[in-house]
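A, B, ... follow the sequence lines: proteins, then strands. Residue 1 opens every chain.
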Amino acid sequence: MTDETPLERERRAKVERLRTEGREPYPWSFVGRVTSDAVRARARTLSPGEEAPEHPARVAGRVKAIRVHGRTAFADLEDRDGSIQLLLRSDTMGDAGFDTALRDLDPGDIVGAEGTPALSKRGEPSVHVRSLALLAKAIAPPPEKYHGLQDVEERLRRRYLDLMSSPETRALFRTRTLLLRELRRYLDAAQFFEVETPILLPIAGGAAAEPFVTHSRYLDADVQLRIAQELPLKRLLVGGLERVYELGRTFRNEDLDSVHSPEFTELEIYWAYADYHDMRRLIEGLFGHLAERVRELLPDSAGAQQGARDFTPPFATVDFVDELERRSGIDGILSKSPEELRSLARKVGSTVPDSSAPGVFLDKLFEHYVEPHLDRLTFVVDHPAATTPLAKRHRSRPGRVERFEMFYRGFELGNAYTELNDPDEQERRFREQLGSRGEEAYAYDADFVRALLHGMPPATGVGIGVDRLVMGLVGAASIKDVLLFPLVRPR
RNA sequence: GGGCCCGUAGCUCAGCCCGGUAGAGCAGGCGGCUCUUAACCGCAAGAUCAGGGGUUCGAAUCCCCUCGGGCCCGCCA
């Protein structure tokens with residue numbers, strides 16, 4: 001129990017009084033309600049001061065503000081679709097009913113009202129209330145009615161207050177949900193099959209990241225939370241599912257900052273008998289489709305309209321090696337020894353361990369010289385082979401793999417390959433990783449290699465950070481803005 | 001992990017530089033007002049100034065530590 005403020009004591013006293021009067025402060029239901037939109041639409045057909053008594057309506061929602069003028073009062077009621085003004089008059093409700101209603105009512109209360117659609121004399125769509133029912137008494141007060149909840153920490157820790165007081169926050173999360181629905185619809189229409197693969201695994205693989213570790217009582221062994229969906233999904237290609245995707249939570253034991261969250265939503269798509277060129281076309285189509293949707297969903301948000309423009313094809317393309325050489329002035333990057341790459345990376349401030357794979361130093365150089373310039377949505381293509389243990393070598397460019405990464409505003413949005421399906425090469429690359437990077441290396445997954453021994457069709461795959469995708473589309477500056485309940489330190 | 005910034009009433013903010021023991025608005029209480037919409041007018045009330053320690057006759061204010069948060073950097077392919 002938290003400490004009670006004087007204001008909360010006051011409201012508790014109201015609850016007690018209601019109970020002694022035999023009135024329930026938390027009743028069970030309010031049947032037959034319509035949303036504010038329906039009443040607003042009806043009221044708009046009226047002229048100021050006019051009512052529509054032949055169409056009585058019941059509305060329910062949270063009281064945002066109350067304005068009392070003696071024997072008349074106004075209250076703003078907010079529901080899922082917006083808000084509607086309640087008009088209360090003593091000559092409609094009776095003096096006793098009017099007094100009781102106002103004495104009981106506080107901002108933040110959930111109420112139901114029955115009355116007549118009306119347009120106020122000042123032209124505000126309203127319900128002229130016959131009867132008002134308290135549906136849930138708010139003991140704690142809502143955030144400040146005009147400024148809302150400003151404190152960033154409180155907005156994250158108590159998202160319900162942020163949502164309650166900010167229509168923009170509600171619109172943003174509604175948009176997120178609708179974009180994910182659209183994303184599924186798009187992939188379903190393209191004959192992809194949504195699947196669910198394990199989150200709890202003996203060993204998390206498919207990426208280089210520190211996993212969360214927990215314990216299975218049944219197995220009497222530690223298990224890990226997945227850091228990627230890749231390896232189970234590729235097993236499904238071996239099994240013949242051909243086109244699969246998974247949209248779900250992935251976990252990495254890392255910091256939370258403006259583009260990272262320890263738990264994040266990842267989309268991975270695997271597509272047999274297609275290569276990374278096909279995947280690029282699929283992704284471009286998907287992005288363009290989502291951009292169209294966000295344009296409709298958030299027409300009043302400058303950030304979202306910018307996002308919609310930025311996610312409309314065509315997109316920029318840069319070659320990993322050419323661009324790195326151009327930006328850094330370093331020539332012959334592909335022929336540098338691991339030692340040379342390491343010293344170049346050191347020069348630009350990288351502090352990764354000496355034992356890291358050569359590809360890590362290349363990544364560091366790319367991050368330093370190129371990524372800050374990738375402001376528009378850009379496809380970076382054909383990475384050096386050393387960077388990527390799960391991609392197939394390029395069919396015509398020695399030392400390269402068939403891969404593209406997508407960047408936007410300096411952060412990585414996603415990563416795709418023509419997938420490696422040669423079991424012997426896969427085994428060799430896993431072993432190289434083991435030799436080089438210690439705990440952060442790609443885990444050796446013997447069963448995955450065995451699966452490849454049975455033959456995985458040629459395929460392409462992609463992983464996309466969905467929270468980042470949503471950030472880009474809606475113009476959010478931080479991943480926390482698109483996560484309902486981002487991880488915060490308990491207090 | 002490093003740097004900078006923030007934490008004052010339930011909420012939104014002022015006061016801090018330059019030390020004299022906390023001020024407003026919203027919300028809540030009481031009173032007034034029959035078309036307002038950040039309604040308005042009057043009265044009264046509401047604060048361990050994030051927590052701890054120090055300097056000082058005196059600390060919201062200056063110093064140190066701790067906690068929580070934000071931004072940047074590092075780390076996180």
Gln426(A) vs Leu390(A), side chain to side chain contact (heavy atoms under 4.5 Å, CB included): CA-CA, chis, key distance, verdict: CA-CA 7 Å; Gln426(A) 183 66 76; Leu390(A) 293 161; 3.6 Å; yes
Salt bridge present between Arg397(A) and Asp382(A) (N-O < 4.0 angstrom): yes
Atom-pair distance (CG on Leu87(A); P on rU34(B)), nearest Å: 14 Å
Distance-only donor-acceptor check, side chains Glu144(A) and His147(A), under 3.5 Å: yes
Whole angstrom value for the distance that separates C1' of rC73(B) from CD of Glu367(A): 14 Å
Ring-face cation of Arg400(A) near Phe320(A) (centre distance under 6.0 Å, axis angle within 45°): no
Phosphate contact (rU34(B) OP1 or OP2) by Lys121(A) side-chain N/O below 4.0 Å: no
Sugar-phosphate, base or nothing in reach of Glu405(A), heavy atoms under 4.0 Å: nothing
What nitrogen or oxygen pairs link the protein and nucleotides 2-12 of chain B at under 3.5 Å?
{"from": "rC11(B)", "atom 1": "O2'", "to": "Glu144(A)", "atom 2": "N", "distance (Å)": "2.8"}
{"from": "rU12(B)", "atom 1": "OP1", "to": "Gln150(A)", "atom 2": "N", "distance (Å)": "2.9"}
{"from": "rU12(B)", "atom 1": "OP1", "to": "Asp151(A)", "atom 2": "N", "distance (Å)": "3.1"}
{"from": "rU12(B)", "atom 1": "O2'", "to": "His147(A)", "atom 2": "ND1", "distance (Å)": "3.4"}

Whichever of Asn415(A) and Asp106(A) has its nearest RNA chain B nucleotide further upstream toward 5': Asp106(A)
Touch class at under 4.0 angstrom, heavy-atom based, for Gln85(A) against every strand present: base
Lys480(A) side-chain N/O to rG69(B) phosphate OP1/OP2 under 4.0 Å: no
Phe74(A) CZ to rC40(B) C1', straight-line distance once rounded to whole Å: 13 Å
Pair assignment for rG1(B), Watson-Crick or G-U wobble, requiring both distances under 3.5 Å: rC73(B)
Euclidean distance for P, rC17(B) against rC5(B) (whole angstrom): 15 Å
Side-chain ion pair, Asp95(A) and Arg71(A), N-O less than 4.0 Å: yes
Integer-rounded Å distance: rG68(B) P and Arg155(A) CZ: 21 Å
Distance, C1' atom - from rC62(B) to rA47(B), rounded to whole angstrom: 22 Å
Separation of rG25(B) C1' from Tyr146(A) OH (nearest whole Å): 13 Å
Salt bridge flag under 4.0 Å for residues Asp81(A) and Arg40(A): no
Mate of rU55(B) where both pairing distances stay under 3.5 Å, Watson-Crick or G-U: none
Side chain of Arg489(A) - closest among rC35(B), rG69(B), rU34(B): rG69(B)
Phe407(A) and Phe366(A) aromatic ring geometry - parallel, tilted or perpendicular at 30°/60° bounds: tilted
Under 4.0 angstrom between Arg157(A) side-chain N/O and rG69(B) OP1 or OP2: yes
Same-atom distance (C1') from rU56(B) to rG46(B), integer angstrom: 31 Å
Which nucleotide in rU37(B), rU34(B), rG69(B) has an atom nearest any side-chain atom of Ser120(A): rU37(B)
Whole-Å gap separating P (rC26(B)) and CD1 (Ile66(A)): 15 Å
Distance in angstrom units between Leu102(A) CG and rC30(B) P, rounded: 12 Å
Sugar-phosphate, base or nothing in reach of Arg252(A), heavy atoms under 4.0 Å: base
Listed nucleotide nearest any side-chain atom of Lys14(A), set rG28(B), rG68(B), rC35(B): rG28(B)
Rounded distance in Å between the C1' positions of rC16(B) and rG1(B): 31 Å
P spacing across the pair rA14(B) / rC6(B), given as an integer number of angstrom: 11 Å
Watson-Crick or G-U wobble mate for rG42(B), both contacts under 3.5 Å: rC30(B)
Sugar-phosphate only, base, or nothing, as touched by Asp363(A) at under 4.0 Å among non-hydrogen atoms: sugar-phosphate
Proximity to the side chain of Val68(A) - top-ranked nucleotide from rG29(B), rU34(B), rC33(B): rC33(B)
Centroid-centroid distance, His69(A) to Phe74(A), less than 6.0 Å: yes
rG19(B) and rU55(B), which share atom name C1', separated by this distance in whole Å: 11 Å
Residues Arg17(A), Asp104(A): salt bridge by 4.0 Å N-O rule: yes
Whichever of Glu124(A) and Ser478(A) has its nearest RNA chain B nucleotide further upstream toward 5': Glu124(A)
